[in-house]
Enquirer: 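Starting off with a structure, shown below.
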Amino acid sequence: MELQTQVRSPGTGGSRRLFLWKRFKKQKILHLFVGLGMIYLLIFAYTPMFGILMAFKDYSISGGIKGIFTSDWVGLKYFDEFVHDYQFGKLVRNTLVLSLLKVIFAFPAPILLAIMLNEVKHMAFKRLVQTISYLPHFISWVVVVGVSYAFLSADVGVVNKALMAMGFTDEPLAFLTSPNYFWGLAVGSAVWKEMGWWTIIFLAAISGISPSLYEAAEIDGAGRLARIRYITLPGMKGTIVVVLVLTIGSILGGGLVGSNFEQAYLFGNSINNPTSEIVQTYAFRVGLSDGRFSYAAAIDLIQSVISVALIFSSNYIAKRVSGSSLF
Amino acid sequence: MLKSQRQKDFVFDSVIYVVLFVIMLTMLYPFYYVLIASFNKGSDSLLGGVYLWPRNFTLENYRVFMDDPKWVKAFLVSVLRTVSGTLLGLLLTSIVAYGLSHRDLLFSKVYFTVIVFAMYFSGGLIPYYVVLRSLGLLNSFAVYIVPSMLSTFFLLIAISFFREIPAELKESAHIDGAGELTIFFRIILPVSTPVLATMALFMGVGQWNSWLDSAYFVQSEELRTLAFRMMEVINKSNSPMDSLAVANSVSAGVTSFSLQVTSMVVSIVPIICVYPFLQKYFVHGIMLGSVKG
């Protein structure tokens, strides 16, 4: 992403300062515009960042913002408490398994879809498939969970009714209320919701490949699969790497492959809790529901530090291995 | 040789078309099923076997939905937050982006550092909650609008769009004596329809679908959004304790399941309605400023 080109101003010392001042005055309305945005970010993005301090303090909500600075330091007490929490092992395992499964299944899906769409010669059909496939991206997780309920629940779910009518099973399968199904449910719904959306970016990458490459390959006798393997895939490599870096960086939050939090929170219930409770839902519960702000902030902080570390290391590895990277 | 190649191509094409067709059905059928279920008598849906069209057609579900002040209020709150949130978000984002789109802007390096840093780091939910609480935004309608007026992502997209506008357009207006405000509102905004439409789509859909803020930051029943109400019903019927509630009919054959699918249709329809109008803009719009292949 190209962000700015700084124009070097001529002159030095006093004359330079005068020159800058003149330029600033000329641009004052623009600085007013930008200043609004800066104040906004200061309040809603940067003040919460200072709030990270509360993870190291005995913060009480009655202290307000000031309390972030004035409450007593407790060092790593809350981090220590989390590591020794009896749920710690389960939370870490669930968070990692869910994230990894989603990278393994939800990340390649749009690449495959883009490659298949690229092979379609009927433009109308291609456009139709594309338009329909990214529709679920615009639907909220609440509706996705509602749809899953309508399809998979034990009492009203169409799938269970159909399976029973066809004699595959005698009793409804508890897709939504059994720890055995939660991971499959989360990965499946993430693929369903986000596959078509990410296909847009991969199709754009494919459209940047020169048609003459395909023509040359065809003359050399390369079949369809060979052309996909030796031209389409290498042509998408840069985009694949960038999206992979982004995916790995946001894997704990589930960013690109569907929000882990929303899924775990909405699909979660007391029965599938052994597989559905993740670090984020736990932090939410102890933080906002139980009012343990410092403890929850500490858990949140661990998670964001790991995320930032992941994005930088995956970016570094990508740069070394393939030469393409995000930054 | 040539013939066998053609046969291979035919097999290859057939496989792809079949797979794509199946994918398309998988994406579409759930929406269709929810639609027919909302027009089927609730108690009849529970028996199963409704796959292709309503077996016991009724408008009762919609009638009960519209008679319930809880749902109607939630719908209105959602409409209001979507309209005002989108308009205010567009205004602030484009104003800030316009300032930043000037390549000769002083301190632009500082400004961009502030933005990019805010894009990658955040304080997390708990400190954010504390900030909203201190600002007195909790439990007010403003909590839906104010904190989401500026997103760094849209900001960067808008900046790269404004930079593509030919400089001559601004220069000639300057010569005619127009100030920055006039230029922005009279010239820049009107030629920026594609990016404005793109951002409006995303902000609007985000506002319309949002339930987290209604769950976290609001206690007043008056301020609940449609998405939140839906979450409430789904959670209730999803939790094992309450599966009996499904059998409890609200009135003439209406069940909590049929009410749930009805509310889902009500929440999906507005999105489907704006989709075709804005779709032509967003593929191009989202590619600006994002990954360049």
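None of the values given here were measured: they were computed from a predicted structure. Each chain gets a letter, A, B and so on, in the order its sequence line appears, and its residues count up from 1.
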Enquirer: Examine whether an atom of A:A162 lies under 4.5 Å from a heavy atom of chain B, and if so say whether it belongs to the side chain, the backbone or both; otherwise answer neither.
Expert: both
Enquirer: Would you mind checking which part of B:S148 comes under 4.5 Å of any heavy atom in chain A, side chain (CB onward), backbone (N, CA, C, O), both or neither?
Expert: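 Only the backbone of B:S148 comes within 4.5 Å of chain A.
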Enquirer: Going by the side chain to side chain contact (heavy atoms under 4.5 Å, CB included) test, name the single residue among A:E119, A:Q130, A:M116 that passes it with B:L20.
Expert: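 The passing option is A:M116.
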Enquirer: Using side-chain contact (heavy atoms from CB on, under 4.5 Å), reason through B:V110 and A:M38 one step at a time and then give a plain yes or no.
Expert: CA-CA 10 Å; B:V110 179; A:M38 294 298 125; over 6 Å; no
Enquirer: Side chain, backbone, both or neither: which part of A:I228 has a heavy atom under 4.5 Å from chain B?
Expert: side chain
Enquirer: Under a 4.5 Å heavy-atom cut-off, does chain B meet the side chain of A:S153, its backbone, both or neither?
Expert: neither
Enquirer: My understanding is that only residues two or more places apart in sequence, or in another chain, count here; which of them pass ring pair (Phe, Tyr, Trp, His ring centres under 6.0 Å) with A:F33?
Expert: B:F184
Enquirer: Compare every heavy atom of B:L105 with every heavy atom of A:R23, then report the nearest pair and how far apart it is.
Expert: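 That would be NH2-C, 4.4 Å.
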Enquirer: Less than 4.5 Å to any heavy atom of chain A: does that hold for the side chain of B:Y128, its backbone, both, or neither?
Expert: both
Enquirer: Please classify the contact between B:I95 and chain A as side chain, backbone, both or neither, with a heavy-atom cut-off of under 4.5 Å.
Expert: both
Enquirer: About how many Å separate CG of B:L125 and CZ of A:F261, when rounded to the nearest 0.5 Å?
Expert: 7.5 Å
Enquirer: Less than 4.5 Å to any heavy atom of chain B: does that hold for the side chain of A:M236, its backbone, both, or neither?
Expert: neither
Enquirer: Measure distances from B:S267 to the heavy atoms of chain A and classify the residue's part below 4.5 Å as side chain, backbone, both or neither.
Expert: side chain
Enquirer: Could you point out which residue of B:Y33, B:Y32, B:F31 forms a ring pair (Phe, Tyr, Trp, His ring centres under 6.0 Å) with A:F151?
Expert: B:Y33
Enquirer: By a 4.5 Å heavy-atom criterion (distance strictly below it), what part of B:V19 contacts chain A: side chain, backbone, both, or neither?
Expert: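 Looking at B:V19, just its side chain touches chain A.
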Enquirer: Side chain from CB out, backbone as N, CA, C, O: work out which of these in B:S210 comes under 4.5 Å of a heavy atom of chain A, or both, or neither.
Expert: neither
Enquirer: Are more than 12 heavy atoms, taken from residues, nucleotides or ligands other than A:K121, located less than 6.0 Å from that residue's NZ atom?
Expert: yes
Enquirer: A:V147, A:L288, A:D300, A:V129: which one forms the most heavy-atom pairs within less than 4.5 Å of chain B?
Expert: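 Of the options given, most contacts go to A:L288.
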Enquirer: Please classify the contact of B:L92 with chain A as side chain, backbone, both or neither, using a heavy-atom distance under 4.5 Å.
Expert: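 Interface part for B:L92: side chain.
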Enquirer: Tell me whether B:N209 contacts the main-chain N or O of A:F138 through its side chain, where contact means a donor paired with an acceptor under 3.5 Å.
Expert: yes
Enquirer: Could you state the interatomic distance from CG (A:L135) to CD1 (B:I268), rounded to the nearest 0.5 Å?
Expert: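 Taking CG in A:L135 and CD1 in B:I268, the distance rounds to 8.0 Å.
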Enquirer: At a heavy-atom separation under 4.5 Å, does B:Y51 approach chain A through its side chain, its backbone, both, or neither?
Expert: side chain
Enquirer: Going through the distances and angles, do A:H31 and B:F107 end up as a side-chain contact (heavy atoms from CB on, under 4.5 Å)?
Expert: CA-CA 9 Å; A:H31 284 282; B:F107 317 126; 3.8 Å; yes
Enquirer: I'd like to know which of B:V130, B:T152, B:V34, B:V261 tops the heavy-atom pair count under 4.5 Å against chain A.
Expert: B:V130
Enquirer: For A:F50, is it the side chain, the backbone, both or neither that has a heavy atom under 4.5 Å from a heavy atom of chain B?
Expert: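 Neither; nothing under 4.5 Å.
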Enquirer: Rounded to the nearest 0.5 Å, what separates atom CD1 in A:I29 from atom CD1 in B:I183?
Expert: 9.5 Å
Enquirer: Among B:T93, B:V205, B:I126, which has the most heavy-atom pairs under 4.5 Å with chain A?
Expert: B:I126
Enquirer: With a 4.5 Å cut-off on heavy-atom pairs, point out which of A:F293, A:F125, A:Y46 contacts chain B the most.
Expert: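 Highest number of heavy-atom pairs under 4.5 Å: A:Y46.
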Enquirer: A:P136 and B:M27: which non-hydrogen atoms are nearest, and at how many Å?
Expert: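 So the two residues come closest at CG-SD, 3.8 Å.
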Enquirer: Looking at A:A283, A:A45, A:A150, which has the largest count of heavy-atom pairs under 4.5 Å with chain B?
Expert: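 The residue among A:A283, A:A45, A:A150 with the greatest pair count is A:A150.
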Enquirer: Specify which of A:L225, A:V120, A:L36, A:N272 makes the most heavy-atom pairs with chain B at under 4.5 Å.
Expert: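 Top option by heavy-atom pairs under 4.5 Å: A:V120.
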Enquirer: Could you check whether any side-chain N or O of A:Q27 sits under 3.5 Å from a backbone N or O of B:L106, counting only pairs where one atom can act as donor and the other as acceptor?
Expert: yes
Enquirer: Give, as side chain, backbone, both or neither, the part of B:V114 having an atom under 4.5 angstrom from any heavy atom of chain A.
Expert: both
Enquirer: Work out which heavy atom in B:I115 is nearest to a heavy atom in A:L41; give both atom names and the distance.
Expert: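 Nearest pair, atom of B:I115 first, then A:L41: CG1-CD1, 3.9 Å.
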Enquirer: Please list, chain by chain and in numerical order, all residues satisfying ring pair (Phe, Tyr, Trp, His ring centres under 6.0 Å) with B:F12, sequence neighbours excluded.
Expert: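 So B:F12 forms no ring pair (Phe, Tyr, Trp, His ring centres under 6.0 Å) with any residue.
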Enquirer: Please classify the contact of B:A118 with chain A as side chain, backbone, both or neither, using a heavy-atom distance under 4.5 Å.
Expert: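 Interface part for B:A118: both.
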Enquirer: Below 4.5 Å, heavy-atom pairs only: which of A:I240, A:T131, A:I52 has the largest tally toward chain B?
Expert: A:T131
Enquirer: Looking at CG of A:L266 and CE of B:M231, how far apart are the two atoms once the value is rounded to the nearest 0.5 Å?
Expert: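 Output value for this atom pair is 6.5 Å.
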Enquirer: What heavy-atom pair brings A:Y40 and B:M149 nearest, and what distance separates the two atoms?
Expert: OH-N, 3.1 Å
Enquirer: What verdict does the ring pair (Phe, Tyr, Trp, His ring centres under 6.0 Å) test give for B:Y29 and A:W192, after you've listed the backbone C-alpha separation in whole Å, the side-chain angles of each residue and the deciding distance to 0.1 Å?
Expert: CA-CA 12 Å; B:Y29 183 69; A:W192 183 78; over 10 Å; no
Enquirer: Taking A:R224 first and then B:D13, would you say they form a salt bridge - that is, a charged N and a carboxylate O separated by under 4.0 Å?
Expert: yes
Enquirer: Pick one of side chain, backbone, both or neither for B:L150, based on which atoms fall under 4.5 Å of a heavy atom in chain A.
Expert: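 Interface part for B:L150: both.
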Enquirer: Side chain from CB out, backbone as N, CA, C, O: work out which of these in B:I272 comes under 4.5 Å of a heavy atom of chain A, or both, or neither.
Expert: side chain
Enquirer: Counting heavy-atom pairs closer than 4.5 Å to chain A, which one of B:L135, B:V146, B:L155 comes out on top?
Expert: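 Of the candidates given, the most pairs with chain A belong to B:V146.
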Enquirer: Please round to the nearest 0.5 Å and tell me the distance separating atom CD1 of B:I23 and atom CD1 of A:I132.
Expert: 12.0 Å
Enquirer: Starting at CE of B:M264, measure out to OH of A:Y149 and round the result to the nearest 0.5 Å.
Expert: 11.0 Å
